[in-house]
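Scroll down for the structure; my scribbles are underneath it.
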Amino acid sequence: MPFYPEYFLTLLRDRVNLLQLIGSHVTLRKQGSNWAGLCPFHQEKTASFTVRPEKGLFKCFGCGAGGDAIDFLMRMRSLSFQEAVTDLAQQCGLPLPDEGHRDGPASSEEQRQQQLKQQRHDLLAACNEWFQHCLNGPAGERARDYLTRRGLDASQWQRLGLGYAPPGWQTLLDHFGLEQTDQLVAIGVVIQRQAEQPGRQDDHRPFYDRFRNRIMFPIHDPQGRCVAFGGRILGAGEPKYINSPETALYHKGDLLYGLHLAQESIRRVGQVLVVEGYMDRIALAMQGFDYAVATLGTALTERQLALLWQRTSKIIFCFDGDKAGYQAAWRALEQTVEGLSSGRHVRFLFLPEGMDPDDLMRHEGAAGLQARLQQAMPLWDFLYQRLSSDLHLQSPDDRAALVHRLRPYLDRMSDPLLRQFYAEALAQRVGLPSWRITGRSTATRYREPQAAAPASQPLAAGRDYEQFLLALLLRYPTLILEQEEVLSTLHLDNRNFAGLLRSLVEQVDDAADGMDPDQWQLSPEQRATAEQILQAEQTLPEQEQDRRRELAGCLTSCQLRQLQRERSYLQQSGLSTTPQWNDESLRRLLALKQEEHRLHRNKKLIVAPQ
């Protein structure tokens with residue numbers, strides 16, 4: 001973790017408007033020289049949360065939370081210290097100290113690398129200035145005409161830093177001089193010709209400009225530093241757009257076009273609009289939708305999504321209504337579903353086929369787009385529509401197919417309450433109880449199930465109640481019929497055990513007591529797991545009532561662990577998520593505690609029956 005000198009942290013705290021920062025999350029009212037409001041970190045009806053702007057501190061006398069702007073951001077958005085410092089520095093326009101610093105003086109090599117990095121940033125900024133100069137000069141007349149036709153005036157392209165790369169194989173290279181060649185190659189604006197590229201006009205030139213006769217779009221990191229370029233060709237020609245290659249400063253999957261300009265609007269409006277192209281983002285910003293950003297020629301990546309979630313809890317993806325647009329939207333859904341929670345909202349807006357955002361606003365105006373945004377499709381509706389589009393849900397077979405298609409997406413949702421609501425919504429559509437939909441508990445996956453042991457290794461020695469439970473079910477499947485609903489919603493830590501349990505429950509109607517593993521319809525991996533379980537648990541109760549008692553004990557132990565984890569999750573989310581807890585969350589927490597007490601009482605009765 002980088003070490004930030006105390007002088008820098010002091011300067012950062014002075015620059016931050018603490019009242020504005022906290023006021024964007026909490027409704028505050030003046031109270032003497034201080035400001036007061038309801039604490040965002042715990043549920044309360046009487047304000048005990050106080051902000052002291054002159055001291056740069058906040059304090060809650062209810063839950064004890066307190067500190068400065070960095071502490072507030074860490075708690076409010078679940079950020080690390082480094083992430084909170086970086087975020088606040090971006091908001092204040094304060095450059096971070098050299099990243100080479102750690103808990104002591106930087107080594108000479110670290111200093112050299114940091115100096116080289118700064119030189120490249122400076123050279124990229126100089127290239128950007130030169131492209132802007134060319135746009136405003138005689139050579140940029142055609143480029144200026146194009147931008148004017150797209151509705152941009154000089155003040156707008158200057159604000160965006162747009163430029164123009166004139167024709168010619170070495171125009172930029174000649175401007176900066178041969179002594180800068182290596183660094184120009186390193187930042188991606190000059191190409192070194194490969195020996196296997198014969199027959200070109202530039203054969204005698206070992207180096208040539210990457211961007212020629214193109215309008216230039218500078219790409220910035222969240223700190224506002226130019227790190228790369230995108231270039232659109234003027235007139236006919238392919239490719240229409242080219243981008244800088246991956247460099248030490250630029251990784252296209254880590255950035256979003258326009259984020260450095262949009263992030264303040266994103267925080268103010270409370271949502272972000274994600275589009276595909278540079279001009280899409282620019283056209284939206286010109287019409288007042290300055291909270292728009294664009295991907296950089298790739299499908300949405302995990303890192304790009306993390307940048308968005310750090311800034312807002314509401315994302316709208318805006319894509320063309322053609323096949324390519326739907327494919328891009330589906331890739332975005334695949335990326336977002338993993339971290340989806342009740343505090344995060346994802347919607348999809350599909351434009352009329354053949355229209356981009358600029359076209360739409362020319363036909364319908366900003367009000368038309370705003371109306372469409374209000375009607376954007378929620379993630380669940382898009383997921384359901386996509387996976388059921390080729391099915392006839394009057395057919396039992398197709399309803400079953402839909403459940404099997406949707407189940408993996410439900411399993412990937414990290415929020416147990418959201419997953420439960422989605423399962424109930426699907427259950428209503430296909431006419432099943434919700435526990436049949438998930439085939440597992442609606443409790444969250446608080447941690448990933450432990451990796452299964454390789455088939456060649458014996459299972460852990462000793463009494464493992466998950467293992468013992470499965471041994472009972474494998475030998476005595478009639479027990480499954482007695483506890484089918486409970487077993488269908490049971491979460492097991494061991495991934496192999498969980499998959500085996502699901503298969504047993506699904507096949508119980510065709511099973512009989514005393515079956516061997518090869519008589520079940522199991523995958524090779526599941527069959528190997530079943531054989532290992534039975535090998536490890538050879539001593540099973542002979543009496544029917546003892547088998548039932550042992551099964552009840554195993555089930556209770558599993559359920560208790562589930563409840564404890566869900567309760568812990570809810571308690572932690574109440575301290576770390578942006579939205580305040582609602583009554584539903586509190587009722588859920590109380591219900592979990594009551595159910596936990598009930599299971600503890602039952603367990604005592606099972607262990608020591610009367």
Side-chain angles (χ1 to χ4, degrees), residues 128 131-132 134-136 140-165 210-220 226-244 250 252 255-263 265-266 272-300 304 316-322 324-325 328-329 332 349-366 368-370 372-373:
N128 192 22
F131 289 138
Q132 292 179 63
C134 293
L135 175 63
N136 292 304
E141 183 177 358
R142 287 185 61 212
R144 295 194 299 272
D145 289 343
Y146 171 82
L147 294 174
T148 301
R149 290 197 304 272
R150 295 298 299 262
L152 280 77
D153 59 31
S155 63
Q156 290 167 330
W157 69 60
Q158 287 171 9
R159 177 175 178 268
L160 296 167
L162 303 187
Y164 174 62
R210 179 180 300 275
F211 301 100
R212 303 178 302 279
N213 193 30
R214 291 181 180 270
I215 294 175
M216 301 298 291
F217 300 85
I219 299 169
H220 299 82
C226 178
V227 293
F229 297 96
R232 187 198 190 283
I233 197 167
L234 275 181
E238 293 293 338
K240 187 176 181 180
Y241 282 93
I242 61 173
N243 295 320
S244 294
Y250 172 60
K252 60 185 177 182
L255 299 173
L256 290 156
Y257 178 71
L259 180 61
H260 70 297
L261 296 174
Q263 48 196 3
S265 294
I266 292 171
V272 62
L273 181 58
V274 182
V275 293
E276 293 187 275
Y278 302 120
M279 287 303 302
D280 291 338
R281 193 273 159 187
I282 291 172
L284 287 166
M286 288 168 51
Q287 295 294 326
F289 299 91
D290 199 35
Y291 53 91
V293 298
T295 54
L296 292 166
T298 65
L300 185 76
Q304 289 170 335
I316 303 176
F317 293 102
C318 179
F319 296 109
D320 295 342
D322 56 12
L349 172 61
F350 296 100
L351 301 179
E353 189 167 357
M355 279 192 177
D356 60 23
D358 192 20
D359 297 326
L360 182 71
M361 284 186 289
R362 290 177 189 276
H363 285 81
E364 300 182 6
L369 177 60
Q370 185 62 49
R372 288 180 178 270
L373 289 174

Margin query: Check whether Gln158 reaches the backbone of Ser155 with its side chain - one donor and one acceptor, N or O, closer than 3.5 Å.
Written below: no
Check: Out of curiosity, Tyr291 OH to Ile266 CD1, how far, rounded to the nearest 0.5 Å?
Finding: 10.5 Å
Note to self: Assess the residue pair Tyr257 and His220 against the criterion (side-chain contact (heavy atoms from CB on, under 4.5 Å)); give the C-alpha distance rounded to whole Å, side-chain angles, the decisive distance to 0.1 Å, and a yes or no.
What the structure shows: CA-CA 7 Å; Tyr257 178 71; His220 299 82; 5.8 Å; no
Notebook entry, point to check: Could you state the interatomic distance from CD (Gln132) to CG (Leu160), rounded to the nearest 0.5 Å?
Noted result: 10.0 Å
Notebook entry, point to check: How close do Phe229 and Pro218 get, heavy atom to heavy atom, and via which atoms?
Noted result: CD2-CA, 3.8 Å
Check: Stepwise, does the side-chain contact (heavy atoms from CB on, under 4.5 Å) test hold for Val293 with Val272?
Finding: CA-CA 7 Å; Val293 298; Val272 62; 3.9 Å; yes
Item checked: Interatomic spacing from CG in Leu162 to CZ in Arg144 - rounded to 0.5 Å -> 13.0 Å
Check: Would you call Phe289 and Gln370 a side-chain contact if the rule is heavy atoms closer than 4.5 Å?
Finding: yes
Checklist line | Contact check, side chains of Gln304 and Thr295, non-hydrogen atoms, under 4.5 Å | finding: yes
Check: If you take all heavy atoms of Ala294 and Gly277, which pair is closest and at what distance?
Finding: CB-O, 3.4 Å
Item checked: Minimum-distance pair of heavy atoms, taken over all atoms of Pro352 and Leu360 -> CD-CD1, 4.1 Å
Check: Can you check whether Arg150 reaches Tyr146 side chain to side chain, under 4.5 Å on heavy atoms?
Finding: yes
Next item on the list: Give, for atom CD of Gln287 and atom CD1 of Ile282, the distance between the pair rounded to the nearest 0.5 Å.
Entry: 13.0 Å
Check: Atom CZ of Phe350 and atom CZ of Phe317: how far apart are they, to the nearest 0.5 Å?
Finding: 10.5 Å
Check: Does a side-chain heavy-atom distance below 4.5 Å link Leu135 with Trp157?
Finding: yes
Next item on the list: Mind checking the CD1-CZ spacing from Ile233 to Arg214? Nearest 0.5 Å is all I need.
Entry: 4.5 Å
Note to self: For a side-chain contact (heavy atoms from CB on, under 4.5 Å) check, start with the C-alpha distance between Leu273 and Leu373, then their side-chain angles and the critical distance, and finish with the verdict.
What the structure shows: CA-CA 9 Å; Leu273 181 58; Leu373 289 174; 3.8 Å; yes
Checklist line | Side-chain (Arg142) to main-chain (Asn213) donor-acceptor, under 3.5 angstrom | finding: no
Notebook entry, point to check: Does a side-chain N-to-carboxylate-O contact under 4.0 Å join Asp358 and Arg362?
Noted result: yes
Check: Which heavy-atom pair separates Phe211 from Asn243 by the least distance, and what is that distance?
Finding: CZ-C, 4.1 Å
Checklist line | Side-chain touch Tyr241/Ile215, heavy atoms, less than 4.5 angstrom | finding: no
Check: How close do Ala262 and Ala292 get, heavy atom to heavy atom, and via which atoms?
Finding: CB-O, 3.6 Å
Check: Can Asp356 and Glu276 be said to form a side-chain contact (heavy atoms from CB on, under 4.5 Å), step by step?
Finding: CA-CA 10 Å; Asp356 60 23; Glu276 293 187 275; over 6 Å; no
Check: Less than 4.5 Å apart, any side-chain heavy atom of Leu284 and any of Asp290?
Finding: no
Item checked: Under 3.5 Å donor-acceptor, Arg281 side chain and Val275 backbone -> no
Next item on the list: Measure the shortest side-chain to side-chain distance between Tyr278 and Arg232 over non-hydrogen atoms and say whether it is less than 4.5 angstrom.
Entry: no
Check: Side chains of Tyr164 and Asn136: closer than 4.5 Å at any heavy-atom pair?
Finding: no
Item checked: Taking every non-hydrogen atom, the tightest pair across Phe319 and Gly325 -> CB-O, 3.6 Å
